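Worksheet: one structure, shown below.
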Protein chains: 2
Amino acid sequence: MLGELPSAISGQRVADELRRLILEGEFKPGQRLGQEMLADRFNASRMPVREALRQLEAEGLVSIVPHSGTWVAKLDAFEFDQTYKMREVVEPLAVRESIPNLSDAQIDRLGELVEEIDATAGPHRDVEGFLRLDREFHLLTYAGVRHQPLLDLVLRQWNTTQHYRRLLVHRQSVEDVVATNLDHALILDGIRRRDPESAAAMVHLHIRRTRNTLVDPTDDTFV
Amino acid sequence: MLGELPSAISGQRVADELRRLILEGEFKPGQRLGQEMLADRFNASRMPVREALRQLEAEGLVSIVPHSGTWVAKLDAFEFDQTYKMREVVEPLAVRESIPNLSDAQIDRLGELVEEIDATAGPHRDVEGFLRLDREFHLLTYAGVRHQPLLDLVLRQWNTTQHYRRLLVHRQSVEDVVATNLDHALILDGIRRRDPESAAAMVHLHIRRTRNTLVDPTDDTFV
DNA sequence: CTGGAACCTATTGGATCCAATCTTGAATCT
DNA sequence: AGATTCAAGATTGGATCCAATAGGTTCCAG
């Protein structure tokens with residue numbers, strides 16, 4: 001549902017492009033999204049724009065106020081924390097379901113990604129590279145999930161928190177990145193051994209650790 | 001988001017009414033939902049109908065095929081099983097988050113519901129009553145959840161499986177109902193003691209047991 | 001000068017019209 | 001007889017037009 005259809009209708013295309021622009025930061029949280037402006041930008045009429053906004057609202061990326069307008073969704077610290085708590089239970093399930101269906105080639109690629117992530121922690125940190133590779137690593141571990149709604153949910157949660165991960169990863173130390181990637185290696189180990197419970201436990205721990213690292217309860221500078 | 005807005009716009013109204021009709025079984029899984037027909041039925045134009053269908057698709061209640069039409073969603077045994085596995089991890093989280101915010105009055109009402117459910121297992125079983133009360137009981141245990149997306153997810157999963165619960169509860173024995181309600185009593189006990197972990201563990205067990213009762217792997221008469 | 005109310009404008013929501021696509025049925029060919 | 005192709009009808013998707021609502025501005029009164 002969040003994936004692209006082969007011959008997508010126009011509303012779908014607009015939704016996909018707009019989603020990409022939001023995730024890349026072209027449209028920032030809190031920014032207003034006028035229908036006319038969007039229709040103009042995407043060379044479409046207001047109709048597919050309206051459908052796209054509906055869809056992105058369902059995905060949690062924008063919020064619509066009737067008769068008023070649409071804005072790129074904002075998260076506060078509470079929602080961020082809660083989303084991570086959801087991730088802590090949902091993503092372990094996702095690896096459990098995924099592991100039996102992962103190909104050896106996919107697992108090899110996971111190994112490469114761990115090494116590439118290590119490289120981003122080098123002398124001059126590559127934060128954007130880390131974000132991209134981290135996302136690719138985790139989503140690839142879920143590539144074996146056959147139940148689309150579960151995959152959609154995972155994707156949704158990654159998307160709605162994307163902005164804030166970027167913001168907070170920038171504040172992380174190099175040690176944090178290395179520690180994070182140690183988790184990745186352990187998750188990968190569980191996957192290589194095709195041990196769903198072990199991998200799931202590691203994913204849970206990883207997300208919990210990340211949440212604690214990112215959301216410092218004494219830090220009210222968030223958002 | 002799945003709840004009703006006070007002064008909803010027309011598309012929202014249509015979505016709410018259509019959702020109710022689907023859940024009550026007026027529209028059955030697999031049935032086609034023509035836009036013209038719906039617009040006629042709800043005294044609206046096709047435009048709000050289209051928005052409503054989009055929304056219900058996001059909720060998983062209907063599925064839209066571009067340029068072809070919309071049908072009430074069907075679940076197969078696999079999807080049913082997978083949804084229950086999601087419920088097994090999501091709803092324990094929901095009670096954990098809910099318990100601190102439940103009022104004493106709400107907890108008292110839960111006690112009443114357990115008794116009312118017992119009554120449905122009497123000499124002439126009241127299956128529809130059971131379905132209604134069971135739903136009310138569980139959703140009330142989640143009434144303290146402050147994070148709307150979590151509540152929405154729970155509601156969504158209840159809604160998409162509603163039809164199949166009805167179908168399968170009809171096949172259950174009286175003993176099954178009594179056993180189910182014993183679980184309810186244990187969940188309620190955890191809530192009364194304001195013990196999130198205990199309640200969460202019971203919810204997990206309850207859903208797991210229900211899944212095993214409902215989905216007999218050797219039974220291919222499902223759907 | 002400040003608070004409030006009425007008006008005006010910009011933007012969204014809904015209705016209608018037109019175009020594009022899919023489904024269907026029948027006719028034809030193998 | 002069965003499968004395939006083609007065409008007609010029906011239905012959805014998109015564009016445009018109109019109505020309703022919200023927010024801002026201005027004007028008036030206290």
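Order of the sequence lines fixes the chain letters, A, B, ..., with proteins taken first and strands second; residue numbering starts at 1 for each chain. This structure is a prediction, so every number in the text was calculated from the model and none was measured.
Taking atom CE on A:Met47 and atom P on C:dA15, their separation rounds to 12 Å, with Å as the unit. Protein atom CD of B:Glu51 is 6 Å distant from nucleotide atom P of C:dG14, rounded to whole Å. The CD-C1' distance, from A:Gln12 to D:dG14, rounds to 15 Å in whole Å. The interatomic distance linking B:Leu53 (CG) with D:dG13 (P) rounds to 9 Å, in whole Å.
Looking at the side chain of B:His67, the nearest of the listed nucleotides D:dT21, D:dG14, D:dT12 is D:dT12.
Side-chain atoms of B:His147 and A:Met86, non-hydrogen and from C-beta on, do get closer than 4.5 Å to each other.
Salt bridge annotation for A:Arg166-A:Glu24: absent, with no cationic side-chain nitrogen under 4.0 angstrom from a carboxylate oxygen.
Only A:Arg32, A:Gly34, A:Gln35, A:Arg46, listed by number, bring a heavy atom of residues 30-46 of chain A to less than 4.0 angstrom from any atom of DNA chain C.
Ring geometry for A:His138 versus A:Trp158: interplanar angle of 30 to 60°, hence tilted.
Put simply, OG1 on A:Thr120 and CG on A:Asp134 are 9.0 Å apart, with the number rounded to the nearest 0.5 Å.
A donor and an acceptor atom sit less than 3.5 Å apart, one in the side chain of A:Arg50 and one in the base of C:dG14.
The shortest distance between the side-chain N/O atoms of A:Ser68 and the OP1/OP2 oxygens of D:dG23 is below 4.0 Å.
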- prompt: Going through the checks in order, is the side-chain hydrogen bond (donor to acceptor under 3.5 Å, both in side chains) test met by B:Asp183 and B:Thr180?
  reply: CA-CA 5 Å; B:Asp183 284 358; B:Thr180 295; 5.9 Å; no
message: Set out, in order, the CA-CA distance, both residues' side-chain angles and the distance that settles salt bridge (charged side-chain N to carboxylate O under 4.0 Å, His left out) for B:Arg19 and B:Asp16, then state yes or no.
response: CA-CA 5 Å; B:Arg19 186 189 305 112; B:Asp16 291 337; 3.0 Å; yes
